[in-house]
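All chains are named by letter (A, B, ...) in the order of the sequence lines, taking the proteins before the strands, and each is independently numbered beginning at 1.
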2 protein chains.
Amino acid sequence: MKAKTYSISDLSKEFAITTRTIRFYEQQGLLAPSRQGQTRIYSEKDRVRLMLTLRGKRLGFSLAETRELFDMYDSTREGDEKQLEYMLNILARKRADMEQQLKDIENLQRELASAEERCLSALSEVRKREKAQRAAS
Amino acid sequence: MKAKTYSISDLSKEFAITTRTIRFYEQQGLLAPSRQGQTRIYSEKDRVRLMLTLRGKRLGFSLAETRELFDMYDSTREGDEKQLEYMLNILARKRADMEQQLKDIENLQRELASAEERCLSALSEVRKREKAQRAAS
DNA sequence: TATAAAGTTTACGTTTACGTAAAGGTGAAA
DNA sequence: TTTCACCTTTACGTAAACGTAAACTTTATA
């Protein structure tokens with residue numbers, strides 16, 4: 001039952017972020033580490049929340065949005081009807097957002113691939129010409 | 001040969017953004033509309049760039065990044081070897097980013113779906129209990 | 001015991017991406 | 001002709017997400 005814990009620098013190293021960032025997330029209500037005296041002690045749950053927060057960032061979520069999702073997730077246990085309906089709405093919106101992002105990414109991937117092709121062929125053109133030039137000198 | 005053009009408010013309506021935003025993007029070098037006197041005239045190319053800029057935003061690109069991509073795309077025509085190699089590097093990085101985002105989205109979609117399930121079953125629980133309560137009164 | 005290494009709080013600074021006036025020009029309709 | 005509606009520039013304001021520095025405590029180690 002020895003629950004694994006982490007120091008702030010453990011987490012900052014693992015996720016390649018500054019301790020300032022981690023404290024800031026706490027201040028924004030995203031993390032709630034326990035304390036040992038003054039020092040923050042992070043549980044596995046805190047670590048997961050940090051991961052989720054960072055993933056949220058990669059997906060364009062604001063910290064406030066992520067926090068809202070966390071809060072709702074927690075309050076879902078209480079089973080308030082209004083809350084549940086509200087959460088379902090948010091979930092539907094997020095899912096729509098993700099659908100859009102999927103399309104965006106697929107399109108961009110296609111474009112990046114074709115840009116890469118054009119780039120490579122332009123590059124081989126340049127190199128062919130260089131070679132010809134060297135041969136002629 | 002009558003090339004279609006757009007006014008600033010045309011574009012602001014189409015994309016549901018303010019004219020301030022559009023002018024700001026121009027100031028950041030993302031758009032380059034021609035002028036008729038003082039008034040800006042947007043070409044189809046401008047419109048496409050605006051679309052791409054907005055998509056970039058949805059995918060977490062900064063305006064500076066998007067601008068860099070535009071600039072590179074344009075300068076690719078000139079076929080400078082260094083430039084081409086540089087662009088290929090950037091393209092590779094972006095593709096890796098997009099791969100990560102794809103994974104992020106797939107994971108989040110799964111989680112949203114399961115959160116929705118839990119939410120719905122919690123909701124039906126609540127309603128069942130309410131019904132029972134009404135019947136008992 | 002002193003000195004580094006890691007932790008803390010407080011607080012002002014910075015960048016990005018616009019928002020929000022203020023003050024004015026231009027052309028068409030009433 | 002005046003009154004809209006739409007355009008312009010200039011410029012200060014702002015929210016989000018940290019960066020950075022100062023000043024201090026606690027713990028480990030030489």
Side-chain angles (χ1 to χ4, degrees), chain A residues 4-43 46-47 49-71 90 94 97 101 104, chain B residues 4-43 46-47 49-71 90 94 97 101 104:
Chain A
K4 197 167 188 180
T5 65
Y6 307 86
S7 74
I8 194 167
S9 52
D10 286 344
L11 294 183
S12 83
K13 275 166 203 158
E14 177 173 0
F15 297 109
I17 57 183
T18 67
T19 60
R20 172 67 173 103
T21 298
I22 297 177
R23 291 196 194 95
F24 182 73
Y25 289 173
E26 178 180 350
Q27 194 182 319
Q28 301 305 303
L30 291 159
L31 304 173
S34 59
R35 298 275 179 142
Q36 192 169 93
Q38 273 213 130
T39 305
R40 275 164 255 249
I41 307 289
Y42 296 88
S43 67
D46 289 315
R47 186 173 157 279
R49 287 213 159 187
L50 182 51
M51 273 182 49
L52 293 175
T53 302
L54 295 173
R55 188 186 67 187
K57 279 204 58 186
R58 289 198 299 272
L59 294 178
F61 288 45
S62 72
L63 298 182
E65 275 176 314
T66 299
R67 191 207 132 113
E68 205 185 355
L69 287 172
F70 285 169
D71 288 353
I90 305 242
K94 294 293 171 202
D97 283 0
Q101 279 212 39
D104 284 343
Chain B
K4 197 166 188 180
T5 66
Y6 307 85
S7 75
I8 195 166
S9 53
D10 287 344
L11 293 182
S12 84
K13 275 166 204 158
E14 177 173 1
F15 297 108
I17 57 182
T18 66
T19 60
R20 172 66 173 101
T21 296
I22 297 178
R23 291 196 194 96
F24 182 73
Y25 289 172
E26 177 180 351
Q27 195 183 319
Q28 301 304 305
L30 291 159
L31 304 174
S34 59
R35 298 274 180 144
Q36 194 171 92
Q38 272 212 129
T39 305
R40 277 166 254 249
I41 306 291
Y42 297 87
S43 67
D46 290 316
R47 186 174 158 278
R49 287 212 160 188
L50 182 51
M51 274 182 48
L52 292 176
T53 302
L54 295 173
R55 189 187 66 187
K57 278 202 58 186
R58 288 199 299 273
L59 295 178
F61 288 46
S62 71
L63 298 183
E65 276 177 314
T66 299
R67 190 207 133 114
E68 204 186 354
L69 287 172
F70 285 169
D71 288 353
I90 305 242
K94 295 293 172 201
D97 284 359
Q101 279 212 40
D104 285 343

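Rounded to whole angstrom, the span from the CG atom of B/L11 across to the C1' atom of D/dC7 amounts to 14 Å. As rounded to whole Å, 11 Å separates atom P of D/dG19 from atom CD1 of A/I22. One interatomic measurement links the two molecules: CZ of A/F24 to P of D/dG19, which rounds to 10 Å at whole-angstrom precision. Rounded to an integer number of Å, the gap from B/K13 NZ to D/dA5 P is 12 Å.
Side-chain nitrogen and oxygen atoms of A/K57 include at least one within less than 4.0 Å of the OP1 or OP2 phosphate oxygen of D/dC18. Taking only side-chain nitrogens and oxygens, A/Y25 comes nearer than 4.0 Å to OP1 or OP2 of D/dC18. An OP1 or OP2 oxygen of D/dC18 is reached within less than 4.0 angstrom by no side-chain nitrogen or oxygen of A/T18.
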In residues 32-39 of chain B, what donor-acceptor pairs under 3.5 Å come from side-chain atoms, sequence neighbours left out?
{"unit_1": "B/S34", "atom_1": "OG", "unit_2": "B/I41", "atom_2": "O", "d": "3.4"}
{"unit_1": "B/R35", "atom_1": "NH1", "unit_2": "B/Q38", "atom_2": "O", "d": "2.7"}

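For B/D10, the side chain to side chain contact (heavy atoms under 4.5 Å, CB included) partners at least two apart in sequence or on another chain are B/Y6, B/S7. For A/R55, the side chain to side chain contact (heavy atoms under 4.5 Å, CB included) test picks out A/L52, A/R58, A/L59, B/D104, B/N107, B/L108, B/E111, with sequence neighbours left out. Partners of B/R23 under the side chain to side chain contact (heavy atoms under 4.5 Å, CB included) rule, at least two apart in sequence or in another chain, are B/I8, B/T19, B/R40.
Considering every non-hydrogen atom in both A/S12 and A/S9, the closest pair reads OG-O, 3.1 Å. For the residue pair B/Q28 and B/R67, the shortest heavy atom distance occurs at O-CD, 3.3 Å.
The stretch residues 60-71 of chain A has no heavy atom under 4.0 Å from DNA chain C, so no residue of it qualifies as close.
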Would you mind building the protein contact string for nucleotides 8-14 of chain C? One character per nucleotide, 5' to 3', B for base within reach (heavy atoms under 4.0 Å), S for sugar-phosphate only, - for untouched. BB-B---
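Using a 4.5 Å cut-off on side-chain heavy atoms (C-beta onward), B/L50 and B/R47 make no contact.
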Test side chain to side chain contact (heavy atoms under 4.5 Å, CB included) on A/R49 and A/Y25; report intermediate values, then the result. CA-CA 10 Å; A/R49 287 213 159 187; A/Y25 289 173; over 6 Å; no
